[in-house]
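Working notes, structure below.
Per chain, numbering begins at 1; letters A, B, ... match sequence-line order. For clarity, every value in this text was computed on a predicted model and none was experimentally measured.
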2 protein chains.
Amino acid sequence: MRKGEETRVRILDVAEAAVLSKGFGGTSIDELIAETGITKSGFFYHFHDKNELAKALLERYIENDNRIYDEIFGRARELMDDPLQSFLLGLKLLSELLADLPNGHPGCLVAVICVHERAFDREIQEINREAALTWRRRFRGMFEEIMAVYEPRVDLDVDQLADMVSTVIEGGIVISKALREPTGLAEQILVFRSFVKMLFKPK
Amino acid sequence: MRKGEETRVRILDVAEAAVLSKGFGGTSIDELIAETGITKSGFFYHFHDKNELAKALLERYIENDNRIYDEIFGRARELMDDPLQSFLLGLKLLSELLADLPNGHPGCLVAVICVHERAFDREIQEINREAALTWRRRFRGMFEEIMAVYEPRVDLDVDQLADMVSTVIEGGIVISKALREPTGLAEQILVFRSFVKMLFKPK
DNA sequence: CCGAAAACTGTACTGCCGGTACAGGAGGGA
DNA sequence: TCCCTCCTGTACCGGCAGTACAGTTTTCGG
């Protein structure tokens with residue numbers, strides 16, 4: 001890795017932690033450069049303004065997020081042949097991963113952007129939208145595979161069902177932060193898992 | 001209403017809309033006083049700093065939120081004698097109310113505070129926590145009534161089940177904002193409603 | 001209708017922050 | 001050697017939160 005890339009990554013690491021705990025407006029560039037050990041000029045060499053930082057941060061976050069889902073549901077798919085069992089195992093693994101974080105989920109950047117909505121330009125909102133659509137596609141694919149084998153007890157729209165996964169995760173993050181109960185998110189995922197389990201019966 | 005109270009409410013109205021669309025950091029006092037038609041001194045006469053504004057905003061939001069839930073689930077309770085049917089009707093009414101908002105849900109202040117977490121003092125975080133606990137108590141009460149009459153097909157923790165309502169609402173707000181699909185939240189509530197319907201069978 | 005309190009206005013200032021501008025320097029690779 | 005990447009240093013601008021405080025108008029009870 002070139003030295004410039006290294007510095008960039010260090011800035012992004014510091015910025016991500018700060019933004020997730022204080023929001024974008026609450027994170028000052030002065031603070032970031034102090035913690036990174038860089039000068040203001042150095043910062044603006046890497047990111048020409050705060051919006052560019054936001055964009056880089058969001059893109060990196062989404063990439064990482066997708067990698068984690070790939071790993072978890074990929075592993076679940078290897079261990080279980082049945083699509084329903086595999087999905088249920090994936091949710092279990094995800095819940096365990098989140099339960100092991102001592103301070104709970106650090107927060108989702110997609111949600112941060114949603115909350116600050118009008119403070120960012122169209123491009124960032126588009127990246128955010130694409131991230132949510134990627135989640136939808138991922139889980140819709142899984143539910144379609146499940147529905148090829150199992151009959152749902154209730155007729156539900158596949159997209160809406162797929163969005164429910166993201167909904168529970170995002171909502172779980174918010175609620176467990178509000179309650180200051182770090183395990184809340186993992187528990188909510190398991191409640192949702194019970195619902196999914198209940199929804200499908202063999203064809 | 002005294003004149004001072006009137007001005008205070010006007011400031012809060014303007015501030016709430018601004019904060020929900022741009023976040024706290026993105027909302028400047030100068031902007032608020034311009035839109036309210038008041039001077040800076042006038043603003044600081046009512047709120048001694050931005051934190052006090054946040055507190056007043058949050059308290060008012062929560063109060064209003066609870067009033068809406070009281071109305072909706074109160075009406076549902078009057079129309080249906082059975083606790084499950086009443087709860088399901090409540091969710092339906094809530095979903096319809098939200099589907100009628102042309103731009104979707106304006107955003108939840110509780111979530112805004114969660115995202116900005118470290119930017120606010122302990123007191124505000126405590127108010128936020130109390131709001132989430134109030135939601136939990138409200139829905140737990142309903143589920144307990146339901147469980148007195150119906151047998152759940154799966155054994156679920158009542159608190160976790162109650163939190164699922166808040167989770168779906170908060171998550172639904174985030175996801176429908178990210179997707180820029182205003183009806184998303186209403187749909188997610190209906191998906192959750194299907195799950196609840198499926199969960200209980202007569203004793 | 002008077003007086004006091006409430007509800008402001010006006011002005012001037014501080015310090016932080018985002019951002020700009022630009023000159024210059026260290027270090028490494030071709 | 002020279003250029004390019006990756007910075008540092010300095011100086012500055014305008015916006016914003018917040019302070020201070022003196023003065024003015026509005027309201028409302030007695």
Side-chain angles (χ1 to χ4, degrees), chain A residues 1-58 60 112-113 115-121 123-124, chain B residues 1-58 60 112-113 115-121 123-124:
Chain A
M1 201 195 298
R2 292 201 319 278
K3 203 195 164 201
E5 195 57 29
E6 237 174 81
T7 309
R8 210 184 128 92
V9 168
R10 230 167 59 237
I11 296 173
L12 287 173
D13 286 341
V14 171
E16 185 170 313
V19 167
L20 286 179
S21 81
K22 290 175 294 187
F24 250 95
T27 301
S28 75
I29 293 176
D30 283 8
E31 171 198 341
L32 297 181
I33 66 178
E35 203 165 334
T36 319
I38 209 182
T39 60
K40 208 169 189 178
S41 317
F43 175 87
F44 284 108
Y45 171 78
H46 288 284
F47 306 98
H48 122 274
D49 60 17
K50 226 184 172 184
N51 199 79
E52 206 175 294
L53 173 69
K55 195 186 144 196
L57 225 43
L58 182 60
R60 197 181 74 141
V112 172
I113 303 288
V115 162
H116 289 79
E117 222 181 344
R118 289 229 154 271
F120 296 103
D121 58 21
E123 194 190 357
I124 287 198
Chain B
M1 202 196 296
R2 294 201 316 277
K3 205 199 163 201
E5 194 58 28
E6 238 174 81
T7 309
R8 211 184 127 94
V9 167
R10 230 167 59 237
I11 297 173
L12 287 173
D13 285 341
V14 171
E16 185 170 313
V19 167
L20 286 179
S21 81
K22 288 175 295 185
F24 250 95
T27 302
S28 76
I29 293 176
D30 282 9
E31 171 198 342
L32 297 181
I33 65 177
E35 203 165 334
T36 320
I38 209 181
T39 61
K40 207 169 191 178
S41 317
F43 175 87
F44 283 108
Y45 171 80
H46 287 285
F47 306 98
H48 122 274
D49 60 16
K50 225 184 174 184
N51 200 78
E52 205 176 294
L53 173 69
K55 196 185 143 196
L57 225 45
L58 182 61
R60 197 181 73 142
V112 173
I113 303 288
V115 162
H116 291 77
E117 220 182 345
R118 288 231 155 270
F120 297 102
D121 59 21
E123 194 188 357
I124 287 198

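- For A:Arg8 and D:dC6, the CZ to C1' distance is 14 Å, given to the nearest whole Å.
- A:Asn51 places its CG atom 12 Å from the P atom of C:dT20, with the value rounded to the nearest Å.
- Between C:dT20, D:dG18, C:dG19, one nucleotide has an atom nearer to the side chain of A:His48 than all others, and that is C:dT20.
- Between the CD1 atom of A:Ile11 and the C1' atom of D:dC6 there is a distance of 11 Å, given to the nearest Å.
- Put simply, CZ on A:Phe47 is 12 Å from P on D:dC6, counting in whole angstrom units.
- Candidate nucleotides D:dA17, C:dG18, D:dC7 were compared by shortest atom distance to the side chain of A:His46, and D:dC7 ranks first.
- Within the 4.0 Å cut-off from OP1 or OP2 of C:dA7, at least one side-chain nitrogen or oxygen of B:Tyr45 is found.
- In this structure, CZ of A:Phe44 is placed 21 Å from P of D:dT5, rounded to the nearest angstrom.
- Among the nucleotides D:dC16, C:dG18, D:dG9, the one closest to any side-chain atom of A:Thr39 is D:dG9.
- For B:Ile38, taking side-chain heavy atoms from C-beta onward, the closest of the listed nucleotides C:dC8, C:dG19, D:dT8 is C:dC8.
- Nearest heavy atom pair, residue A:Asp49 against residue A:Phe44, reads CA-CE2, 4.2 Å.
- Straight-line distance from the CG atom of B:Asp30 to the P atom of D:dT19: 15 Å, rounded to whole Å.
- Between B:Phe47 and B:Arg8, some side-chain heavy-atom pair lies under the 4.5 Å cut-off.
- Between A:Thr7 and the phosphate of D:dC7, there is a side-chain N or O to OP1/OP2 separation shorter than 4.0 Å.
- Remark: P of C:dG19 and NZ of A:Lys40 are 9 Å apart, rounded to the nearest angstrom.
- Using a 30° and 60° split on the angle between ring planes, B:Phe24 and B:His116 fall in the perpendicular class, above 60°.
- The CD1-P distance, from A:Ile33 to C:dG19, rounds to 13 Å in whole Å.
- A salt bridge links A:Asp13 with A:Arg60: at least one charged nitrogen is closer than 4.0 Å to a carboxylate oxygen.
- Taking each heavy atom of A:Ile38 and A:Thr7 in turn, the nearest pair found is CD1-CG2, 3.4 Å.
- Counting any heavy atom pair closer than 4.0 Å across all strands shown, B:Ser41 reaches a base atom.
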